[in-house]
Each structure stands twice: as C-alpha cells, then as structure tokens.
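Following: one structure in structure tokens, then a few remarks.
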Amino acid sequence: MPEPLRVIPDFPAYIEGQTDHEYMAAAWAQGPWARSRLGIVSGFSLANMEIINDDRWTRQLELEGMFISGVRDGPMFEFQRNALLFSNGQTHRNRRGPLVRSFANKVIAQLRPDIARRVARLIAPWRGAGAVDFIEAIAGPYPAQVIAALIGASEADTGAFARHVYSAIRGLSHCPDEIRAESDKDMAALDSYVAGLIAQRRARPEADFLSSYLARVADGPLGEDEIRAQLAALVLAGSDTTRAALASTVSQLLSHPEQWAMLVQDPERWAASAVLEGLRYDPVIGSLPRITLEARELDGFLIPKGSFVAVSMLTALRDPEVYADPDRFDMTRQDHPRLHPVFGGGPHRCLGEALARIELEEAVKALVRLVPDMRLDGPPVTLRGYGAVRNLGEMRVRL
Ligand code: HEM
C-alpha cells in the first residue's frame, strides 16, 4: 500500500525576538514544506529550490504580484508588463537573448579595472572621517553608479539617477499607497531618462554597451516599451541587491576580525571567497516565487497545479546536506556549489552575476587596502524579510 499523501502544515507561529534565520529553521524543523498565511507553499532545502526553478514544472509570476497588490496601471505596472524578469517562454527568450552576450563573464571582466577605480574614488574621501553611514556613503551610490556608467549615463547625472532607482525599486513589492505614488513617479523619470539615452545613441552610436544592444534589437521582435524596460530592468535588478550584499558581506567580515585580518594580509587570495560566503550567509533575496504548471508529489505531499510555490534562500543556503557547519560564517569554506544559489536557477538565473561579483570583490579589496582599520560603529547590518529583495537596516562604521 502506498503511503497516503500528507497535508502541508501551516508555518509555525512567530516567536517574538526570533531572527529570520531562527524562524525559518523552526519552520523547516516541522517538515520539508509549509504553507504561509498567503497560501504560498514554501520549501526549505537546496534540492527543492532547484526543483521549483525548473521551468518544466513551474513558471515565473507575470503580473500576479501587481494584481495581488491591487495595481492595474501606472509606470511600475507597465515596467513589469514589459520586463524580462516577469515573463515566460518565447517572450522571455526574446527579451533576454539580446542581453546575454553583453553580460558574459569575459565581457564583464573587461570592466574590472574601471569598477576598481570607481569604488576607490568613492571610498578615498571618507578616510579618517570618523563615523560614517556606510550605506549612504558607499554601498548605495556604488552599484547605481556602475550600472549608470554601463548603460551610458553621464557622470553628472548619476546622483539623480541613483535617487530615482532606489525610490522606484520600492514599488516592485507590495507597498503603501504613498510609496507606490513616489515609486511610480521615479519609475516614470527613469523610463524617460532611458528613452533619452536611447535617442542619443541612435543619433550618434558609440563603441559601448548601449549602442551594441540597440544594434542587436534593431528590427527584432521587441517593441520600444520593451527595449526601454530591459534597460530599466538591468538598473533595478542590479542596484539594491548589490547594495545589500555589500553591506551584509562587509558587516560579517568586520564581525569576524580574524577573517578581516586575513583579507588585509592577502586581498587577492581571499576577496572572491569572502564574497561567496557573504552572499551565502545572509542572502539578500529571501525567496523566489513560482506558479506550478501541474500537480506533483514531493516528499509525500501533493502540491496542486496552479499553486504559488517558493523555497526559502535563508534555509537553502544553510542546507546541512550541502554546507558543513552552515550557521558559521567562514570565508575559507570549500563547499559552495559550482553555481551560487543566491543568483537563482533555470531560465531566469541572474544575468548580472559576473558584474555583481566583480563589484563586490573590488569593493572588499579597496576597503581592506584603503581603510584596513575600518570597524563597525554599532551592530552589524540586518537584512529582514522572507521574500524578494530583503530590507536593509542601518550600518554605521568608523573609517
Ligand atoms: C548580489 C547581487 C545580486 C543578486 C543576489 C541577484 C540575484 C538575482 C536572482 C536570484 C535572480 C533571479 C530571479 C528569479 O528567478 O525570479 C536575478 C535575476 C536578474 N538579475 Fe540579478 N542579482 C544580483 C545583481 C544583479 C546585477 C548587478 C544585475 C545587473 C545587470 C542583475 C540583473 C538581473 C537581471 C536582468 C535579472 C532577470 C533575469 C531574467 O529574468 O532572465 N542582477 N538576480
């Protein structure tokens, strides 16, 4: 007789004071799957994360997130309607294809020296400044500047550009009406800024990313709205993720002075491993939702067709089947999978992984070189939340 299928349990009650990691670990202790208040079926292991990222069983959410938030129009709605991240099948391939070559490891590696110079220029003025808001001064402006330069924005525009980006981003998740209104305003500003850049490059092509992208999409299936949305997607996907990852990684390194000292001694040897571990230990993405295309039995549970499913990155990246002593921050660990799970999997795996890793590595190297005595001036930064890009707390340092 086959075992009867089990009923998926609800998430446990949250106990006041639990960290996100403790809460998710408690949910995993109940069993491999749990159902959230919103009806999302959540898994916990890295193996289940790989299963739900497989587009033979699931598909990416399109406008469902907006509909659930009651949003049916506006600049952010239009962005989501047109961007690669919120599409599936041929539409997704049409949108992603022309970008892939520009983000290949070898192409992005050529940007390393410029990125290294850029981060050193950002850090140098703060040397000896005393207490500094690390996110405001360094972690925030840096990725926005890198991506602004990549898509061809002028140096003079990067301040306004970064403000639009971080304001618009808030509208990607569920948010109160006043935030939605501000986000829409900044999304509209970003969209018209991108339209201006496109018009300039069409009039006077240059030997840069934007001109080659425009040449690649000319006479292709993408409409003008879609072309602008893919460029805005790079900007939005590449900014707050990298900002949070930098703050969190540096916080962890400073909280483990023996590892910081190893980096100061030999940054070339340790920077890449420090970044991999920073991305694992407290991931900037909480989980990636999908919708199931058919019913499936997993671990003795029936997950019906049309279910919202997700796997927590917080637990998957501390899966003891994969990582030894997973709750320990250890930049010398050798057990990272070949593809870092924080960048997702399947057809939507992060397009900007090479860029993000170079940005993070160069920032860590510049910090240990320029401000080796840097220390936290308060608690390490906290990332909070279980879904999408997690919320970033404060981080004060002494430089
Ligand atoms: C630490 C930094 C970053 C992390 C952790 C991260 C993580 C992710 C993840 C998990 C996805 C998949 C989302 C899903 O499957 O639903 C994704 C997609 C994406 N990322 Fe990143 N990302 C980072 C930085 C960047 C940067 C710097 C760029 C800039 C180019 C970028 C561009 C994108 C794009 C365009 C997509 C959509 C890909 C698609 O839908 O085909 N990301 N990212």
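Each ligand, and each atom within it, is numbered from 1 in the order the structure gives.
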Check: Arg96 N/O within less than 3.5 Å of ligand 1 N/O: yes
Arg290 N/O to ligand 1 N/O under 3.5 Å: yes
Nearest to [atom], what protein heavy atom do you find, and at what distance?
atom: atom 16 (O) of ligand 1; result: Gln60 NE2, 3.0 Å
atom: atom 26 (C) of ligand 1; result: Gly238 CA, 3.2 Å
atom: atom 40 (O) of ligand 1; result: His348 ND1, 2.6 Å
atom: atom 18 (C) of ligand 1; result: Cys350 CA, 3.5 Å
atom: atom 23 (C) of ligand 1; result: Thr241 OG1, 3.5 Å
atom: atom 30 (C) of ligand 1; result: Phe103 CE2, 3.4 Å
atom: atom 4 (C) of ligand 1; result: Phe343 CE2, 3.6 Å
atom: atom 7 (C) of ligand 1; result: Val342 O, 3.6 Å

Suppose I only count heavy atoms of [X] and a 4.0 Å limit; which atoms of ligand 1 are within that range?
X: Ile147; result: 29 (C), 30 (C)
X: His92; result: 39 (C), 40 (O), 41 (O)
X: Thr242; result: 2 (C), 24 (C), 27 (C)
X: Leu279; result: 1 (C)
X: Val284; result: 5 (C)
X: Leu85; result: 13 (C), 14 (C), 16 (O), 37 (C), 40 (O)

His21-Asp282 side chain donor-acceptor pair, cut-off 3.5 Å: yes
Modelled atom types, side-chain donor and acceptor of Asp208 and Ser211, under 3.5 Å: yes
Candidate with minimal heavy-atom separation from atom 32 (C) of ligand 1, of Ala245, Ala237, Gly97: Ala237
Side chain, backbone, both or neither: the part of Asn53 lying under 4.0 Å from ligand 1 by heavy atom: neither
Side chain, backbone, both or neither: the part of Pro347 lying under 4.0 Å from ligand 1 by heavy atom: backbone
Heavy-atom side-chain proximity of Met374 to Val250 below 4.5 angstrom: yes
Side chains of Leu46 and Pro341 in contact at under 4.5 Å (non-hydrogen atoms): yes
Main-chain N/O of Tyr281 paired with Arg318 side-chain donor or acceptor, under 3.5 Å: yes
Mutual orientation of the aromatic rings belonging to Tyr323 and His336 [parallel < 30°, tilted 30-60°, perpendicular > 60°]: perpendicular
Between [X] and [Y], does at least one N-O distance fall below 4.0 Å, as a salt bridge requires?
X: Arg170; Y: Glu178; value: no
X: Lys365; Y: Glu361; value: no
X: Arg390; Y: Asp20; value: yes
X: Arg59; Y: Glu64; value: yes

Leu99 near ligand 1 by a heavy-atom separation under 4.0 Å: no
More than 12 heavy atoms from other groups under 6.0 Å of CD on Glu206: yes
Tyr166 six-ring centre to Arg243 NZ/CZ under 6.0 Å and within 45° of normal: yes
